[in-house]
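Have a look at the structure below, then the notes.
Ligands are counted one by one from 1 in listed order, and the atoms in each one are counted from 1 as well. Predicted, not measured: the structure shown is a model, and the values here were computed from it.
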Amino acid sequence: MSARSTSDAPASDAPWWRHGVVYQVYIRSFADGNGDGTGDLAGLRSRLGYLQRLGVDAVWITPWYASPMVDGGYDVADYRTIDPRFGTLDEAERLIAEAHQLGIRVIADLVPNHTSERHSWFREAIASPPGHPSRDRYHIRDGRGPDGSEPPNDWTSTFGGPAWTRLADGQWYLHLFAPEQPDLNWENPEVMAEFLDIQRFWLDRGIDGFRVDVAHGLVKDPTFSDLGPEHLEVLATVHPANHRHWDRDGVHEIVRGWRRLIDEYDDRMLVAEAWVTPDRLRLYTRPDEYHQAFSFSLLESEWDADELRSVIAEGVTVAVPNGSTPTWVLSNHDVMREATRYGLPKGTNWRMWPVTGPVEALDEELGRRRARAAALLLLGLPGSAYLYQGEELGLPEVWDLPTEALDDPVWERSDHAQRGRDGSRVPLPWESTGPSYGFGSNGGWLPQPAGWSALAASAQAEDADSTLSLYREAIALRRRLGTADEAIELLDLGRDVVAYRRGTGLTCVVNLGTSPVALPAHDRVLLRSEPGGPDDPSGPDGALEPDTAIWLM
Ligand code: BGC
């Protein structure tokens with residue numbers, strides 16, 4: 001691919017992903033090119049200039065494959081076809097080429113834990129009698145009880161309800177997610193062969209890497225024994241080691257096979273989505289496994305200096321000894337957006353809050369301010385940073401979508417105990433006016449709230465103090481300063497302050513307390529999360545206001 005102009009960045013031979021800023025495109029909600037209400041490749045292609053201007057090194061595109069969209073495309077019916085709602089294979093190839101022209105890498109989403117129930121393998125399996133070899137590609141088993149009418153065990157689905165559904169012939173199949181997402185059996189060699197072939201298919205088309213969905217879920221305990229009455233699956237939370245179906249040692253053998261394939265190509269990468277404990281996460285990035293694995297600790301952390309300091313130290317110590325890099329995430333399409341999360345009182349369970357309330361607990365302005373500070377915290381850290389679309393616009397969670405609009409299976413499967421993830425998936429506002437704020441020429445597949453005009457990308461682009469301008473400046477500075485190495489020195493500036501210094505000379509200070517804090521000695525202020533004012537901290541006596549961050553040199 002043609003290289004982005006990096007003439008002002010210090011030279012580095014490191015592979016791009018080690019320090020890259022990766023922008024997650026949730027394709028259904030990014031930009032709608034054909035006016036059908038769903039984001040698509042045409043929309044994404046038309047906005048590549050925006051992403052280049054933002055300064056990102058890569059995009060990760062959530063599943064774009066043919067899918068019934070029961071789980072937003074994470075139910076794949078054909079891994080080698082683009083869903084017609086998103087475009088065509090030809091368009092995907094054009095997108096990859098155009099992104100490369102602009103110096104932007106393209107990461108695809110690989111979904112190996114399960115297929116859609118519409119996948120030809122599953123159709124074949126359920127059309128075949130028990131014992132037929134096609135059934136062995138999935139976990140299809142007899143039930144319990146005298147007539148087999150009870151599920152094979154007590155495992156539950158992450159979306160709620162049992163993890164087993166009964167077939168017409170009386171057998172049961174396993175689905176850790178929705179019933180429309182049957183789990184594949186990775187003990188079957190055909191599954192490995194197929195996924196190597198799928199990866200080759202996309203690598204040959206220029207894909208720069210894969211974000212691997214549910215990387216910690218592929219292997220199941222062959223005894224299929226019960227988990228016991230206490231267990232409860234919660235989506236997008238850390239799972240214990242060597243659980244009956246999470247984070248089992250066998251998953252590592254699988255990724256080693258993929259890595260051998262990836263290494264046949266130049267400069268490609270694998271990033272794991274593995275919700276596991278930090279001491280287990282380090283196993284995923286051993287030199288012959290994933291290049292990197294998301295550290296979700298930052299995303300899970302409260303707005304609390306102690307907690308953030310230890311999360312930062314841990315993220316570095318988990319990744320670096322293996323030769324990987326810390327891989328930071330503040331939000332994604334599975335969690336509440338941080339501008340809302342940080343506006344809730346400490347200790348609030350933000351997964352439940354949209355249902356349990358109380359509504360008055362939310363301080364939107366505080367959340368907005370903290371999210372901007374968190375952006376500087378994130379973008380100054382060593383390693384790579386994954387941004388979720390709309391984060392750069394400071395979008396809040398739309399936690400009060402009308403229930404009839406909710407699409408995430410979590411809402412129904414949890415018996416309405418959780419609203420699910422739609423609130424972070426609302427179509428992006430591009431323009432201040434017009435239908436769906438420029439998302440497309442019609443409405444979007446989820447309604448956007450009134451009052452998003454000021455958050456539109458076009459409005460923010462004109463405003464030097466906007467969140468978009470803050471992200472643009474921070475990413476440009478990050479590029480200009482270079483990334484040095486993964487070294488980071490945590491500075492002690494008081495109990496409520498997170499501060500660190502990098503080998504590049506960058507010092508980042510974040511005030512999480514309730515009163516201003518004095519800044520350490522510095523030559524210059526590079527950037528601050530809130531525009532200057534009477535309390536402008538750039539003067540020699542400047543102090544940093546609560547819930548703000550600053551970059552110093
Ligand atoms: C994805 C989710 C998806 C699930 C099942 C996750 O980890 O990020 O959006 O629902 O995997 O594929």
Give the atoms of ligand 1, by number and element, whose distance to some non-hydrogen atom of Arg421 is under 4.0 Å.
2 (C), 3 (C), 9 (O), 10 (O)
Regarding ligand 1, does Arg211 bring an N or O atom to under 3.5 Å of one of the ligand's N or O atoms?
yes
Should Ser384 and Thr327 count as side-chain neighbours, where that means a heavy-atom distance under 4.5 Å?
yes
Would Arg425 count as a contact residue for ligand 1, given that I'm defining contact as a non-hydrogen atom of the residue lying under 4.0 Å from a ligand atom?
yes
On the six-membered ring of Trp445, is Arg28 placed so that its NZ or CZ lies under 6.0 angstrom from the centre and within 45° of the ring axis?
yes
Tyr26 vs His333 aromatic rings, parallel, tilted or perpendicular, using cut-offs 30° and 60°?
parallel
Qualifying residue for side-chain hydrogen bond (donor to acceptor under 3.5 Å, both in side chains) with His175, from Thr165, Thr158, Asp183
Thr165
Compute the minimum heavy-atom distance from Phe159 to ligand 1 and say whether it is under 4.0 Å.
yes
Nearest to atom 5 (C) of ligand 1 by heavy atom, Asn113, Leu176, Asp71: which?
Asp71
What protein heavy atom sits nearest atom 7 (O) of ligand 1, and how far off is it?
Glu273 OE2, 2.4 Å
Tell me, which protein residue and heavy-atom name are nearest atom 1 (C) of ligand 1, and how many Å apart are they?
Asp213 OD1, 3.1 Å
Does the side chain of Phe30 reach to within under 4.5 Å of the side chain of Leu51, using non-hydrogen atoms?
yes
Quick one: which of Val410, Val335, Asp334, Asp408 has a heavy atom closest to atom 9 (O) of ligand 1?
Asp334
Quick one: which ligand 1 atoms are inside 4.0 Å of a heavy atom on His114?
5 (C), 12 (O)
Side chains of Pro112 and Val212 in contact at under 4.5 Å (non-hydrogen atoms):
yes
Any idea how Trp258 and Trp186 line up, ring-wise: parallel (<30°), tilted (30 to 60°), or perpendicular (>60°)?
perpendicular
